[in-house]
Amino acid sequence: MGPLMEWDWNFVREIMPTLIQGVKITILATVLGSVLAAIVGLAIALARRSPNRAVARSVGWFAEFIRGTPLLVQLYFIFYVLPDIGILLPPLVAGVIGLGLHYGTYTAEVYRAGIDNVPRGQWEAAKACNLGGRHTWTHVILPQAIPPMIPALANYFIAMFKETPLLSAITVLELMNQAKSVANTYYRYIEPMTLVGAFFLVISLCSVVLLRWLEHRYGRIER
Amino acid sequence: MTQWSGYLDLILQGALVTIELTLMGSVLALVMAFLAGMGRVSRFFVVRALATAYIEFFRGTSIFVQLFWAYFVLPFAGLSLTPLQAGVLALGLNVGAYAAEVVRGAILSIGREQYEACTALNLGRWQGMRHVILPQALLVMLPTFGNNAIELLKATSVVSLISLADLTFQAQVVRSQTGSTLMPFVSVLVIYFALALILSWGVRSLERRMAQGVDGVRI
Amino acid sequence: DDAKLEQLKQQGFARVAIANEPPYTAVAADGKVSGAAPDVAREIFKRLGVNDIVASISEYGAMIPGLQAGRFDVVTAGLFMKPERCAAVAYSEPVLCDAEAMLVKKGNPKGFKSYEDIAKDTSATVGAPGGGTEEKLALNAGVPRDRVIVVPDGQSGLKMVQDGRIDAYSLPVLSINDLIKKANDPNLEVIAPVQGAPVYCDGAAFKKGDEALRDAYDVELAKMKKSGEFAKIIEPYGFSAKAAMSTTREKLCAAK
Amino acid sequence: MPAPIIKVDAITKSFGTFKVLDGLSMQVMPREKLALIGPSGSGKTTILRILMTLERIDGGHIQIDGEQLYHMERNGQLLPADERHLAKMRQKIGMVFQLFNLFPHKSVIDNVTLAPMLTKGVSRTAAEKRAMELLDMVGMADKARSMPAQLSGGQKQRVAIARALALQPRIMLFDEVTSALDPELVEEVLNVLWRLCSETDMTMLLVTHEMGFAHDFADRVLFFDRGKIVEEGKPDEIFRHPKQERTQSFLKKIIAAGHRV
Amino acid sequence: MPAPIIKVDAITKSFGTFKVLDGLSMQVMPREKLALIGPSGSGKTTILRILMTLERIDGGHIQIDGEQLYHMERNGQLLPADERHLAKMRQKIGMVFQLFNLFPHKSVIDNVTLAPMLTKGVSRTAAEKRAMELLDMVGMADKARSMPAQLSGGQKQRVAIARALALQPRIMLFDEVTSALDPELVEEVLNVLWRLCSETDMTMLLVTHEMGFAHDFADRVLFFDRGKIVEEGKPDEIFRHPKQERTQSFLKKIIAAGHRV
Ligand SMILES: Nc1ncnc2c1ncn2[C@@H]1O[C@H](COP(=O)(O)OP(=O)(O)OP(=O)(O)O)[C@@H](O)[C@H]1O
Ligand SMILES: Nc1ncnc2c1ncn2[C@@H]1O[C@H](COP(=O)(O)OP(=O)(O)OP(=O)(O)O)[C@@H](O)[C@H]1O
Ligand SMILES: [Mg+2]
Ligand SMILES: [Mg+2]
């Protein structure tokens with residue numbers, strides 16, 4: 001048996017501070033990425049409903065493209081190819097933009113479903129009440145559409161959290177990258193990798209509880 | 001430019017590995033999705049608990065960690081998988097956990113009245129599931145399954161961790177051999193997108209075929 | 001007598017881990033594995049009666065765990081010998097030796113000569129492979145963690161210097177030379193060797209417990225070094241056979 | 001006098017803190033046609049759903065054909081019924097739902113044949129032959145290969161009736177089988193029920209808001225309010241000479257709204 | 001004779017290949033109460049939805065109060081109406097839906113005050129005062145702070161009526177406002193409409209399956225079949241002495257089903 005299988009608590013204690021450093025970056029990237037994804041998603045969802053067919057179409061294809069290709073390759077593209085055309089982004093910024101854009105295409109679907117789920121009768125009632133477009137959106141449609149979306153949105157933000165290890169490809173020292181760095185320095189893989197797994201599991205189990213609560217709180221609207 | 005064709009060849013070989021992983025991973029994911037998804041709505045506590053543990057574990061830990069365990073740690077438990085097997089195992093189990101929630105959601109989305117009609121016709125639990133609930137739920141699941149398959153396709157891009165030469169990895173190889181960054185990345189983006197389009201087209205036509213006669217006005 | 005060697009002979013090939021970092025290891029357009037380290041290994045295994053090698057490309061960090069998990073039989077990837085590594089794996093005698101170099105912008109605007117220079121300039125950043133020798137050298141020289149950027153691969157490091165994201169990118173001399181040759185960018189410059197950095201040598205790394213195979217490997221390696229065939233294989237790649245022959249595993253593993 | 005086929009004895013049923021049925025008792029004779037009327041929320045649907053075992057009861061006993069519905073006798077003790085016992089009892093009972101609940105992914109004939117083939121092991125040919133007879137009886141033979149989505153409301157309702165009949169239950173429960181239909185379709189469905197009455201010897205319980213139909217169809221009418229039977233009797237007694245004040249006010253409003261009773 | 005407030009001139013409307021309305025023409029006088037009756041699928045709801053501008057027409061013209069509804073005059077030319085023109089015309093029309101369509105996230109009073117506050121710039125206090133009067137009129141003043149989910153069907157329907165009235169439209173459209181309700185609740189809603197008739201000078205169009213109510217309520221009855229007006233006239237004429245065969249057979253079936261006409 002190699003040293004791989006011998007679990008060493010002293011070693012765990014030693015590398016903990018480094019890993020926690022990584023957790024901080026991971027959380028920061030997730031939070032910023034979520035905010036961006038929420039905004040980008042709404043923009044895409046609204047653009048796809050635009051009466052201007054050209055706008056709706058091209059945004060639609062753009063979103064499909066982003067959704068159909070791996071985030072990893074997109075990150076490489078943003079970080080290593082964009083500088084050729086003069087766009088030089090710091091690693092964390094590039095990472096947040098990558099996460100935000102990629103997950104924005106998912107949240108756009110959530111927004112779309114949420115808006116579509118408001119019954120047609122509500123649009124018609126708004127018309128029968130002679131409400132204009134803006135009033136219909138702000139007073140009738142969005143207040144009903146957004147609460148049921150919250151659990152689905154939260155779900156994607158949790159998924160994003162688990163995809164942050166990809167940022168190591170563009171030199172962001174998040175949790176996974178820290179763990180790899182530790183592993184390479186000491187030639188011990190099992191403790192850092194298992195700790196990473198444990199971190200993710202703990203955070204996502206907490207988030208499951210949070211999700212259930214959100215679903216309970218916002219999931220349905222009584223009619 | 002003869003060199004280029006050689007590198008393109010390399011990328012196409014990577015695409016083959018990616019396709020292989022996607023197809024085999026999808027099959028495993030589908031099997032797990034139905035097992036765990038139906039397990040979640042089982043009458044038996046033990047089955048429910050097992051299914052829940054599987055789903056939460058694989059959704060909770062990241063695919064990187066799962067790949068690492070499948071490839072580097074399982075051998076110590078006496079199970080040595082080839083990189084391809086390990087990749088399929090990790091990807092299939094991971095995406096299967098997500099798809100299991102889709103199966104469960106779809107089963108629960110079938111209205112209570114359909115279950116009650118089964119009871120009123122004295123169908124057994126499994127009979128009702130098999131002939132009434134699942135056929136209808138399948139239609140609800142399909143679009144999300146399509147998305148899951150695309151997610152699996154994209155997730156294959158991380159298997160280079162276990163020395164599988166997939167599409168993304170070959171792009172890296174080409175990049176380091178040629179010193180060009182733009183061309184390999186653009187070509188793999190295009191290939192991924194083409195594969196994703198094929199997947200969603202396939203799922204959509206399946207959906208259309210299955211929806212025949214069922215759609216339309218429902219009271 | 002050597003069960004592992006018998007097993008390799010039987011299956012007809014040995015599984016090696018490589019890194020795709022020319023000139024140490026490389027994958028050609030047709031997918032064929034080359035580079036100095038695998039070429040030496042291929043020749044020695046042939047002499048041992050194992051006809052071929054099958055290479056899998058791996059991250060540096062995954063090599064030793066992969067070796068321990070039985071994923072490869074040997075690592076031939078320019079994995080430099082160092083005391084901690086010697087404790088984790090069974091090295092052969094030295095094969096490829098190289099000094100450290102740095103890639104900087106033309107004219108070396110910040111005037112780096114050593115890792116200590118980088119430590120002193122509080123605005124300077126240096127890139128290095130994660131867990132590699134260079135990362136450790138930089139950290140030991142006093143460069144703080146947040147100014148040592150972990151770069152996934154050589155091409156990315158080169159691009160980051162070009163784009164001005166990092167001030168220097170550090171790799172072994174020959175690797176840097178290979179990179180800059182391909183990039184053909186007149187705005188870059190190589191500083192080699194880095195002052196104060198030791199010369200390192202790699203060896204073929206075997207799993208602990210496979211010492212018998214390692215010893216058989218060493219015997220053939222020694223023969224080739226003597227006959228000059230060793231130099232014929234590695235010198236076209238730019239490596240010095242003399243450097244490898246003037247030191248031993250014992251010395252390298254005991255260093256510091 | 002023959003034994004009652006349904007004997008409900010002091011049952012109670014609550015939803016959360018809301019008591020829907022509170023000590024309800026009633027008896028139904030074999031071949032009897034019973035109409036259940038009463039205001040909205042009075043518990044009419046609930047009692048049908050309890051008889052179909054779609055809801056559990058909180059207290060009391062129900063006997064179907066002399067056998068306990070929600071209890072089983074084991075070694076002289078009365079235990080809560082298990083799923084097997086309920087399945088056995090369900091064979092005697094069929095139900096037609098207000099909103100049809102057809103299986104949307106199966107054709108009309110498959111809707112009708114599914115249960116006999118699965119639960120009684122009837123062969124496909126035999127099941128289809130019987131299904132065609134039933135569909136013919138409800139005037140739907142020509143739509144046998146249609147999908148439910150292609151049918152109008154009245155047609156769906158008739159298929160739902162055929163589907164329930166295919167299992168040949170001794171007791172049929174109808175829950176407002178006409179309230180979603182327009183007057184012409186109501187007519188269609190009522191005609192089918194009339195024929196059923198005359199051609200079979202089933203016991204029927206029918207919840208309805210169509211007082212005219214309750215009057216013509218039923219041997220006996222039960223007037224429900226707040227989970228209790230306020231009044232019962234022959235249709236003529238109830239509709240012409242209601243004794244209870246609650247029944248009088250209910251019928252008065254209905255007459256005012258333009259219904260014949 | 002005053003000018004008609006609604007003038008429908010040879011309009012056509014198709015859904016896909018299915019022609020629902022084919023050259024329909026009709027006129028409605030100010031303050032007239034019109035009942036639209038006819039079998040299911042004959043296009044009654046469609047004509048109301050067209051008047052409310054919820055559907056576009058394929059051909060023909062509609063004038064409301066002397067102004068084109070779906071067209072605008074610009075430099076002597078008739079152009080298709082834009083959203084602004086439609087919004088202006090909608091101020092004259094209100095509609096109560098069969099399924100209420102209350103805003104579920106707003107309380108009863110907010111449902112009623114929302115539109116006046118947003119579209120007419122009425123202050124909150126003024127809007128609430130007026131809303132309370134309307135709610136009082138439909139007997140819902142005590143539920144003003146309830147949410148729609150807490151109301152019964154008949155209560156929801158009455159709130160929907162109050163909401164439509166709050167905008168003081170000249171024309172009110174009612175689409176089967178009672179068909180989802182039980183007989184007692186039907187009664188409640190009909191009472192409100194009767195009061196409305198006597199207290200306001202609105203023009204009302206009402207689609208209904210309640211023939212008795214159509215008879216008592218309407219000044220004139222239109223009988224629809226397949227998107228055409230088959231027969232029209234005073235209620236007594238239509239119900240007692242229908243001239244067309246189609247009308248006769250429709251009414252006969254309804255009487256058979258137990259409805260008073
Ligand atoms: N699942 C449930 N949860 C809570 N309350 C319920 C539930 N089902 C029924 N109820 C309540 O029980 C009471 C009786 O309902 P039931 O459906 O039996 O009435 P009904 O007599 O059939 O009325 P209707 O004529 O309107 O169909 C109602 O007040 C209803 O709100
Ligand atoms: N959106 C639509 N798409 C296709 N067909 C439609 C649509 N809306 C209505 N129809 C069809 O148009 C016809 C007229 O419908 P409409 O709702 O006006 O009938 P109605 O007279 O109100 O009937 P009911 O009494 O059943 O409410 C029907 O045959 C219906 O199937
Ligand atoms: Mg009911
Ligand atoms: Mg209608």
Side-chain angles (χ1 to χ4, degrees), chain B residues 1-17 64-65 67-87 157-185 187, chain C residues 15-35 54-72 75 77 103 129-130 151-163 171 175 178-185 188 207:
Chain B
M1 282 292 103
T2 50
Q3 219 193 2
W4 254 135
S5 71
Y7 286 123
L8 197 64
D9 208 47
L10 216 55
I11 286 183
L12 289 181
Q13 278 173 24
L16 214 62
V17 173
F64 304 94
V65 180
L67 268 178
F68 176 79
W69 274 78
Y71 193 62
F72 292 118
V73 179
L74 275 188
F76 289 97
L79 184 60
S80 189
L81 302 172
T82 67
L84 189 67
Q85 287 167 338
S157 66
V158 304
V159 294
S160 57
L161 177 69
I162 56 170
S163 48
L164 263 180
D166 76 310
L167 192 48
T168 305
F169 182 78
Q170 297 290 32
Q172 293 287 12
V173 170
V174 171
R175 177 167 170 246
S176 77
Q177 299 301 318
T178 62
S180 157
T181 295
L182 184 65
M183 134 67 203
F185 283 159
S187 47
Chain C
R15 296 166 302 160
V16 306
I18 63 169
N20 195 28
E21 185 187 317
Y24 289 87
T25 56
V27 181
D30 59 2
K32 191 170 171 324
V33 173
S34 64
V54 174
S56 28
I57 306 183
S58 169
E59 288 180 40
Y60 278 105
M63 284 175 187
I64 292 179
L67 194 63
Q68 285 164 342
R71 289 293 172 193
F72 329 110
V75 175
L103 184 69
V151 174
D153 55 88
Q155 204 60 41
S156 297
L158 176 95
K159 195 81 182 26
M160 289 178 77
V161 175
Q162 284 174 330
D163 296 338
L171 277 184
S175 305
D178 185 78
L179 270 181
I180 199 166
K181 195 172 85 208
K182 277 193 192 122
N184 197 17
D185 182 347
L188 295 178
K207 189 174 159 181

Among the options B/L74, B/L81, B/T82, B/L164, pick out the one with the most heavy-atom pairs lying under 4.5 Å from chain C. B/L81
Does C/R71 reach the side chain of B/S80, with side-chain heavy atoms less than 4.5 Å apart? yes
NZ (C/K182) and CZ (B/R175) are apart, to the nearest 0.5 Å, by 12.0 Å
Testing the basics here: between B/P75 and C/A69, what is the closest heavy-atom pair and its distance to 0.1 Å? CB-O, 3.6 Å
Under 4.5 Å from a heavy atom of chain C, the part of B/F169 involved: side chain
Below 4.5 Å, heavy-atom pairs only: which of C/P22, C/S156, C/A17 has the largest tally toward chain B? C/S156
